[in-house]
Amino acid sequence: MRGLGKALWAGLCALLCLTVLFPLGMLLSGSLMGGDEALKTLGPVFSRAEGYAAWPLLPQYPTLRGYIELTLDSPEFFAMFWNSIVYAGLSLLGQLVGVGAAWGLARYRFPFRKAIFALYVFLMLMPFQVTMIGQYLSLDALRLMDTRWAIVLPAAFSTLPVFIMARFFEAVPGSVLEAARIDGAGEARIFLRIALPLGFPGLLSAMVLGFIEVWGMIEQPMTFLRSQNLWPLSMYLPQITEDSLGWAMTASAIALMPPLLVFLCGQRHLVQGIGTMGLKEG
């Protein structure tokens with residue numbers, strides 16, 4: 001019975017994995033289709049043609065034409081791709097400032113510390129729709145609307161990295177810190193030589209989540225940006241029509257690659273960071 005239960009559980013997990021991977025497989029398969037084949041396959045969905053949509057496991061006539069057109073003949077695509085890289089890179093650099101705040105909230109005792117940390121958690125749980133008006137008014141007052149900083153600054157001051165890193169810093173043994181202080185190490189040296197190396201997995205997990213969040217944002221650029229030359233790649237994909245369906249599949253596949261690579265490289269630290277979120281505050 002125990003062996004049968006394990007087999008059923010393994011089968012259920014495999015079925016769930018296939019369910020999750022199926023859309024990814026459709027996307028990769030569609031990126032290798034020509035425009036006519038993609039439109040024929042999904043014609044009933046996009047053009048209201050008669051019949052039912054069908055999706056083959058592999059394209060009948062695989063082609064790299066979509067990749068060639070995007071990489072060689074689409075400067076607009078590359079401009080938006082570069083904008084996404086800039087937004088993600090600058091936002092992650094800004095989030096590194098939160099390392100000091102996380103260390104202070106985790107290891108120092110001062111008035112209203114718990115209230116401040118609770119405020120961080122509260123802000124972390126608030127969706128963009130709630131804070132949109134406040135961010136819009138602030139950016140407009142600073143004359144930063146329709147600039148790169150309108151995307152970078154709100155992302156750089158995200159509270160999620162502080163929350164994750166604070167949990168990791170709380171796990172640093174107090175005896176190690178006391179021993180360092182007895183040996184004459186100052187607070188700055190303790191932070192740089194002990195806290196950062198021990199909290200590095202938390203820092204990496206926060207960076208992975210931050211990159212994925214910034215890379216896929218849509219509502220923020222729609223609200224804060226008007227110039228198309230400032231749009232990130234996430235704003236390029238909604239411009240898809242049925243006439244460019246195959247091309248759109250290829251663009252989606254290319255746009256998926258950076259966050260997928262970042263996730264795969266930082267998966268172990270990300271899982272560890274998510275697990276640390278559930279620890280009780282010391």
Side-chain angles (χ1 to χ4, degrees), residues 83-108 110 112-132 134-135 138-139 144 148-172 187-188 190-221 224 232 234 258-282:
N83 286 339
S84 292
I85 293 292
V86 171
Y87 292 145
L90 292 179
S91 299
L92 294 184
L93 287 177
Q95 291 178 7
L96 290 177
V97 180
V99 176
W103 176 250
L105 289 171
R107 305 307 309 186
Y108 294 102
F110 51 87
F112 307 110
R113 182 184 70 89
K114 291 187 177 182
I116 295 175
F117 190 78
L119 179 61
Y120 268 87
V121 176
F122 178 72
L123 293 174
M124 180 185 67
L125 297 176
M126 294 179 65
F128 172 72
Q129 292 82 355
V130 176
T131 61
M132 177 178 63
Q135 293 184 24
S138 300
L139 293 171
L144 295 177
R148 296 187 188 276
W149 297 110
I151 302 298
V152 171
L153 288 181
F157 287 100
S158 173
T159 57
L160 178 61
V162 177
F163 176 78
I164 296 176
M165 289 183 288
R167 290 306 191 189
F168 270 86
F169 287 148
E170 287 175 355
V172 176
E187 296 300 318
I190 291 175
F191 175 69
L192 295 174
R193 297 294 183 88
I194 298 177
L196 286 183
L198 293 179
F200 190 67
L203 179 61
L204 282 181
S205 64
M207 295 298 100
V208 170
L209 289 175
F211 180 89
I212 294 175
E213 179 182 8
V214 176
W215 187 268
M217 63 172 52
I218 294 180
E219 295 174 320
Q220 291 86 339
F224 302 143
S234 57
L260 182 61
L261 290 175
V262 170
F263 173 78
L264 292 177
C265 292
Q267 181 181 9
R268 180 170 60 88
H269 299 293
L270 180 60
V271 173
Q272 187 178 357
I274 294 175
T276 305
M277 291 183 200
L279 297 177
K280 289 186 177 181
E281 182 183 4

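Model, not experiment: these values are computed from the prediction.
Rounding to the nearest 0.5 Å gives a distance of 8.0 Å between CG of L125 and CZ of F163. For the atom pair CG (L153) and OG (S158), the distance works out to 13.0 Å, reported to the nearest 0.5 Å. A distance of 4.0 Å separates CZ in R167 from CZ in F117, rounded to the nearest 0.5 Å. A distance of 12.5 Å separates CG of L196 from CD1 of I190, quoted to the nearest 0.5 Å.
Qualifying side-chain hydrogen bond (donor to acceptor under 3.5 Å, both in side chains) partners for Q135, counting only residues two or more places apart in sequence or in other chains: T131. Considering only residues two or more places apart in sequence or on other chains, E187 meets the salt bridge (Lys or Arg N to Asp or Glu O under 4.0 Å) condition with R181.
Nearest heavy atom pair, residue F169 against residue A195, reads CE2-O, 3.3 Å. Here the closest heavy-atom approach between residue P197 and residue P201 is recorded as O-CD, 4.3 Å. Across all non-hydrogen atoms, the minimal contact from S205 to F168 is OG-CE1, 4.3 Å. Across all their heavy atoms, M165 and L203 have their closest contact at SD-CD1, 3.4 Å. Annotation for F263 and V208: closest pair CA-CG1, 4.3 Å, computed over non-hydrogen atoms.
Contact check for W215 versus V262: no side-chain heavy atoms found under the 4.5 Å cut-off. With a 4.5 Å cut-off on side-chain heavy atoms, Y108 and R113 do not count as touching. Counting heavy atoms from C-beta outward, L139 and P154 have side chains that approach closer than 4.5 Å.
Using a distance-only test at 3.5 Å, with no hydrogens or angles considered, a donor-acceptor pair links the side chain of S234 to the main chain of M217. Side chain of R107 to backbone of V172: a donor-acceptor contact under 3.5 angstrom is found. Without hydrogens or angle criteria, T159 side chain to M124 main chain gives a donor-acceptor distance under 3.5 Å.
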Contacts table for residues 88-105: side-chain donor-acceptor under 3.5 angstrom, sequence neighbours left out:
from : atom 1 : to   : atom 2 : distance (Å)
S91  : OG     : Y87  : O      : 2.6
Q95  : NE2    : A155 : O      : 2.9

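For F112, the CZ atom sits in a loose shell: 12 or fewer heavy atoms of surrounding residues, nucleotides or ligands are nearer than 6.0 Å.
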